[in-house]
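The sequence lines fix the lettering, A, B, ..., with proteins before strands; numbering per chain opens at 1.
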Protein chains: 2
Amino acid sequence: MKLIFQKDILLNAINIVLKAVPGKTTMPILECILIDAEGSDIRLTANDMELGIETRVMGIIEEHGKIALDAKLFSEIIRKLPNSNVTIETQANFNTSIVCEKSKFNILGKDGDEFSYLPYIEREQYIRLSQFTLKDVIRQTIFSISPNDSNKMMTGELFEVDGNELRVVSLDGHRISIRKIELNETYENAKVIVPGKTLTEISKILSGDNSKEVLIFFHDNHILFEFDDTIVVSRLIEGEYFRINQMLSSDYETKVTLNKREFLDCIDRATLLIRESDKKPIIISIGEDTMRLKLTSMMGSMNEDIDIQKNGKDIMIGFNPRFLIDALRVIDDEEISIYLVNPKAPCFIKDAEESYIYLILPVNFSSAV
Amino acid sequence: MKLIFQKDILLNAINIVLKAVPGKTTMPILECILIDAEGSDIRLTANDMELGIETRVMGIIEEHGKIALDAKLFSEIIRKLPNSNVTIETQANFNTSIVCEKSKFNILGKDGDEFSYLPYIEREQYIRLSQFTLKDVIRQTIFSISPNDSNKMMTGELFEVDGNELRVVSLDGHRISIRKIELNETYENAKVIVPGKTLTEISKILSGDNSKEVLIFFHDNHILFEFDDTIVVSRLIEGEYFRINQMLSSDYETKVTLNKREFLDCIDRATLLIRESDKKPIIISIGEDTMRLKLTSMMGSMNEDIDIQKNGKDIMIGFNPRFLIDALRVIDDEEISIYLVNPKAPCFIKDAEESYIYLILPVNFSSAV
């Protein structure tokens, strides 16, 4: 195999597939990036068996072939080369030379035939949206998946297509995040659970450009994202997702409208008094035109008043401040509304159209005051 | 005590003294910042007993007094407050309230009388230079102090004043860094060893402004830096520094002149093939118009040629690439000269005026090729 690339273009492609190289593995071949130039174009692939990424990269094929190179070393070498042409050439024993101007590296590659290609996915059922929208909706929901595996379903997000609407849901037992997106067309219904890791990695390589599109294909146990010159294939989480609709309710006793930034900054300050292991709630007392926030810990106490508009009853309720912060950070509205029932019932932060719903369970604070 | 500050100004002062708050200590009072408003102005002080920083901060004294507050908590609270006036008020039991707009914190302080003030330093013998110059010379020498305490002297830097010249020297047994600075006046001679930690912390708070000055006072076992509204006092390392002049020589067999950036980038690339514990040298072969760099490790090999101008003999010599990189990074010249004697003698990187001299010992490479 002998290939010539422009350094920048090659590096960009490496950085894309690098997202699917596992941190730790017992199979050394998975730590490699496959360079495949057996056909008419050059493709880089990485695959950790759950998540696989393949991208096409522009370059000149002087001699067809393929090679698997250690991902970390290969990416670091290319990164540090001068911005010029890079020639990659392999010998029969998988010895690979990387030459750029007067700099020459020799490293030992692995047989490309040992590499596991991405599974073949039928491109039939799909939806289309902008890269910006997909990246955004991941950011707005990913924080409330569960970090641990004890309930596999909670480590993923529900992607549900219903006509021209995509609903993305995540939950971790203490809170639920829901975002609704209107699609440009009507599609066949679909309902899949996508691993959180897949979404985290894909959001790193999506350009966030509103004018660029991504196609999402649904197929049995896999999901495939196709955009630019790249495809990302991931296994799905099997099983039936939680019945979200049963947990949602539009009844409320108290509705509060307030400035989001003020509310967020105030909670953020209060958390200074909590060290990691500490579980102190922030206590919110809602009166006529004012909300008083109060937090007391071993380190001290803080309180602050915020102007609000209120409908309904006065209420005092406690929350894990971290959960409020997570939700408030990803809401772009300047003014938000919070719906409450009683100190033991979940609160809802949502807009009038329900394009977003953040449900948060309160915590008991009787002993904490 | 009752004081009113502008948040920005207070935060800036806190960030300055924070550099002298120790990471770990068995004396809780050292983890505090002292706010002293007993006199006509307000001073913040932190002191880890080796290094102490005091800075004057603008504010209104409504009631005189002093208090010691936990440095970490105090700085985080001020950082997160809105950009407005901050009122700090203490009660008799050292309970301290921090109020800013509608936000109110209560934390428990400590008796200011328990705090150790900075030692009194006679302001007699001194030098004057720009903050920029001091910050720069620290950056250009600090990397070659020894990180471990086995030889205390090596953990500091020599500051030597001779007439109108300041010479700053650091060494770690494998290399020596020397910078000479011409001062604007002639001063009394001085020769002290300043702890590396003091220099690291002070370089973080120096503004790097060429038009702002710093005064350095020498006194028995202490050094005092005075600039802006701040003084930094540090213990000196006791003892007689190494006799540097004996280690310097101006004889050479080979002189090489080359582009610094090209040389640095090439060595930087070569280090990709070395993992931390690995001690592979970079081998430099100097021929007529070309220098060939070569590095071979378990991971692979690299070689690269660089154009040079040479006077004297051909030579082949090995170095720890890290030592070359450290020195080259802090030399601002585009073109540099390297002076060599033989593969076992130190090499010198220096300019014609010897405003900088970097001495690096070679490593044996017979077994490595």
Side-chain angles (χ1 to χ4, degrees), chain A residues 7 69-70 72-84 86 94-109 259 261-275 290-308 321 325, chain B residues 7 69-70 72-84 86 94-109 259 261-275 290-308 321 325:
Chain A
K7 180 225 160 149
L69 298 177
D70 180 85
K72 188 157 181 275
L73 184 59
F74 178 46
S75 70
E76 284 177 353
I77 288 173
I78 301 302
R79 182 169 301 120
K80 295 239 170 162
L81 288 177
N83 205 348
S84 181
V86 177
F94 310 121
N95 251 320
T96 304
S97 71
I98 302 173
V99 178
C100 180
E101 291 183 353
K102 282 182 286 184
S103 178
K104 180 171 179 181
F105 280 88
N106 276 300
I107 60 175
L108 188 63
N259 179 286
R261 173 81 0 229
E262 243 179 87
F263 188 38
L264 176 55
D265 286 350
C266 172
I267 305 170
D268 201 29
R269 280 193 281 278
T271 58
L272 294 177
L273 296 174
I274 318 177
R275 290 287 168 254
T290 310
M291 171 190 269
R292 163 154 292 198
L293 293 98
K294 193 167 183 331
L295 194 145
T296 304
S297 79
M298 295 275 290
M299 302 173 72
S301 67
M302 82 84 77
N303 65 65
E304 183 162 348
D305 294 340
I306 296 178
D307 294 337
I308 57 166
I325 289 174
Chain B
K7 179 224 157 149
L69 298 176
D70 180 83
K72 188 157 181 276
L73 184 58
F74 178 47
S75 70
E76 283 178 355
I77 288 175
I78 302 302
R79 181 170 301 122
K80 294 240 172 164
L81 288 177
N83 205 348
S84 183
V86 177
F94 310 120
N95 250 321
T96 304
S97 71
I98 302 173
V99 178
C100 181
E101 291 184 353
K102 282 180 285 183
S103 179
K104 179 172 180 181
F105 280 87
N106 276 299
I107 60 174
L108 188 64
N259 180 285
R261 174 87 350 236
E262 241 179 88
F263 188 37
L264 175 55
D265 286 350
C266 172
I267 303 170
D268 201 28
R269 279 193 282 277
T271 58
L272 295 177
L273 296 174
I274 317 178
R275 289 290 167 251
T290 309
M291 171 190 269
R292 162 155 293 198
L293 292 97
K294 195 166 180 334
L295 193 147
T296 304
S297 80
M298 295 275 289
M299 302 173 71
S301 67
M302 82 85 77
N303 65 66
E304 183 162 348
D305 294 339
I306 296 179
D307 294 337
I308 57 167
I325 289 173

Side-chain ion pair, A:Asp265 and A:Arg261, N-O less than 4.0 Å: yes
Determine the option with the most heavy-atom pairs under 4.5 angstrom with chain A, choosing from B:Val99, B:Leu108, B:Leu273, B:Ile98. B:Leu273
I'd like to know which of B:Asn95, B:Asp70, B:Asn106, B:Ile107 tops the heavy-atom pair count under 4.5 Å against chain A. B:Asn106
Among A:Glu101, A:Met299, A:Lys104, A:Arg269, residue most engaged with chain B (heavy-atom pairs, under 4.5 Å): A:Arg269
What residues, two or more places apart in sequence or in another chain, satisfy side chain to side chain donor-acceptor pair (under 3.5 Å) together with B:Asp305? B:Arg292
Heavy-atom distances under 4.5 Å only: say whether B:Arg275 touches chain A with side chain, backbone, both or neither. side chain
Any side-chain to backbone donor/acceptor pair from B:Thr96 onto B:Phe94? Under 3.5 Å, distance only. yes
For residues 73-81 of chain A, dump all side-chain donor-acceptor pairs below 3.5 Å to protein atoms at least two apart in sequence or in another chain.
residue	atom	partner	partner atom	Å
A:Ser75	OG	A:Ala71	O	3.1
A:Ser75	OG	A:Lys72	O	3.0
A:Arg79	NH2	A:Asn15	OD1	3.2
A:Lys80	NZ	B:Asp268	OD1	3.2
A:Lys80	NZ	B:Asp268	OD2	3.1

